[in-house]
There are 2 protein chains.
Amino acid sequence: MLVVEDEARLAAALRRGLQAEGFAVDVAADGQDGLEMARHGGYDAMILDVMLPRLSGYRVVRQLRAERHWLPVLMLSAKDGEYDQADGLDCGADDYLTKPFSYVVLLARLRALLRRGAQARPVVLSFGDVELDPAERRVLVAGDEVTLTAREFALLEYLMRRPGQVVSKTELLDHVWDAALETAPNAVEVYVGYLRRKIGRDRLETVRGAGYRLAAAPAA
Amino acid sequence: MLVVEDEARLAAALRRGLQAEGFAVDVAADGQDGLEMARHGGYDAMILDVMLPRLSGYRVVRQLRAERHWLPVLMLSAKDGEYDQADGLDCGADDYLTKPFSYVVLLARLRALLRRGAQARPVVLSFGDVELDPAERRVLVAGDEVTLTAREFALLEYLMRRPGQVVSKTELLDHVWDAALETAPNAVEVYVGYLRRKIGRDRLETVRGAGYRLAAAPAA
DNA sequence: GGCGCCGCTGTGATGGCGCTGAGAATGTCC
DNA sequence: GGACATTCTCAGCGCCATCACAGCGGCGCC
């Protein structure tokens with residue numbers, strides 16, 4: 001669950017409450033951060049305040065929808081004018097709640113959203129001309145589907161959740177491989193090799209001594 | 001649009017307003033009538049009062065959902081206690097509005113519902129050239145009816161509610177089989193085998209290490 | 001320019017995943 | 001009560017993914 005709320009006390013209360021219900025909760029304090037976290041995917045739903053620093057809730061939703069992310073969004077607003085609600089929903093939010101709201105209602109609406117959201121379009125990770133759909137377990141490179149093995153897929157997924165960042169070999173070993181099992185560090189190199197063969201050599205850069213990084217564009 | 005509302009003046013106002021927006025509107029004056037009309041299908045959404053003669057709005061939704069009708073439902077209620085909202089949503093309603101409400105908000109929510117509802121949940125599930133009617137327990141493959149056993153049907157139905165997505169073996173065990181009973185994971189493989197024989201081998205893909213997925217098109 | 005080390009890749013072993021046929025246990029219909 | 005359908009377990013098998021290993025190439029440092 002992703003909570004985007006700048007008011008610290010409310011954010012903390014939401015985090016506590018949702019965690020008590022068994023959700024894993026991340027909090028972002030402004031619209032820009034929220035948008036970026038939502039883009040990375042991995043969330044089942046998002047609770048989004050309207051009045052936010054840097055980027056309003058409206059614009060966050062609109063931007064997400066434009067990028068074809070279908071994450072269920074529950075909007076929160078202190079305003080209670082009618083037109084605000086209409087605006088929020090027409091922007092692409094899935095539900096709307098005005099502050100002050102009751103915690104029970106929030107939960108009920110969240111449950112309703114999740115019930116629906118499950119079959120709505122899942123998040124698709126994309127970076128450059130590579131698209132990865134975790135739900136369908138499909139990968140498209142420049143529009144063509146490539147088939148990956150389980151390990152290859154997990155590796156690519158992990159890298160795509162950190163687009164453009166350098167990820168170290170040990171971090172990959174910890175997250176993509178079972179931490180308990182001791183695997184030779186060389187395995188990472190081996191699978192990076194497999195991946196490169198399938199998605200294109202230049203899309204996955206080596207940063208000597210540091211790790212690997214997804215490359216923005218394939219050299220033409 | 002189906003409006004179920006016993007208060008004549010409100011019903012008339014809704015009819016007029018919605019017709020002005022270009023909807024074709026039917027009105028039912030009590031829960032029993034509303035349920036029967038909804039069952040017949042053909043509506044894009046339903047506006048449903050909670051307090052109704054003969055059958056409450058809660059029971060109407062619950063009954064509809066039990067019969068696997070996924071018509072989007074917007075609930076209306078004069079009560080504004082928190083728990084009413086929670087109840088309504090948990091019954092299977094898609095949204096909830098308390099009287100008195102503003103017409104602008106009603107329209108916005110209705111639009112949001114239709115956007116989601118239209119493609120999310122048809123009464124007959126279909127994917128590729130496979131159609132499955134949960135109500136009638138019938139399955140058509142490329143126009144031909146195939147007869148499935150109860151377990152086979154449940155398996156296919158679950159997969160068709162996640163069209164194209166990969167569903168893990170444990171998830172299938174939890175939902176298609178009774179979670180309490182301990183069934184050997186191998187049972188899933190066995191029934192996947194049966195299903196493949198009946199609906200065509202290539203319509204159900206194995207994703208090694210992840211689960212199963214309905215395939216888009218049968219290889220010609 | 002030389003040397004050392006990091007990273008890449010081809011080969012091959014093995015272990016486990018997924019498929020199938022057989023059959024036992026249970027339920028259902030006549 | 002008998003015949004049949006359905007569900008599910010079990011064991012065996014084939015194949016593929018995974019991974020260790022070793023040799024090699026190239027980057028970077030001095």
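Just so it is clear, the model here is predicted, and its values are computed rather than measured. Letters A, B, ... are given to chains in the order of the sequence lines, protein chains preceding strands, and every chain is numbered from 1.
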Test item: side-chain donor near acceptor, A:Thr206 and A:Arg196, under 3.5 Å: yes
Salt bridge A:Arg137-B:Glu205, side-chain N to carboxylate O under 4.0 Å: no
Side-chain N,O (A:Thr206) to OP1/OP2 (C:dC6) below 4.0 Å: no
A:Arg197 vs C:dG10: side-chain N/O to OP1/OP2 distance below 4.0 Å: yes
Distance below 4.0 Å between A:Arg208 side-chain N/O and D:dG28 OP1 or OP2: no
A:Trp177 side-chain N/O to D:dC19 phosphate OP1/OP2 under 4.0 Å: yes
Cationic N near anionic O, under 4.0 Å, B:Arg138 to B:Glu131: no
Side-chain N,O (B:Arg201) to OP1/OP2 (C:dT20) below 4.0 Å: yes
Base D:dC19 to side chain A:Asn186, donor-acceptor N/O within 3.5 Å cut-off: no
B:Lys169 side chain near C:dG18 phosphate (N/O to OP1/OP2, under 4.0 Å): yes
Sugar-phosphate, base or nothing in reach of B:Tyr212, heavy atoms under 4.0 Å: sugar-phosphate
Polar side-chain contact A:Tyr194-D:dC19 base: donor and acceptor under 3.5 Å: yes
D:dC19 phosphate, OP1 or OP2, under 4.0 Å from A:Arg151 side-chain N/O: yes
Nearest-nucleotide comparison on DNA chain D, the residue closer to the 5′ end among B:Val190 and B:Leu148: B:Leu148
Any B:Thr149 side-chain N or O less than 4.0 Å from OP1/OP2 of D:dA5: no
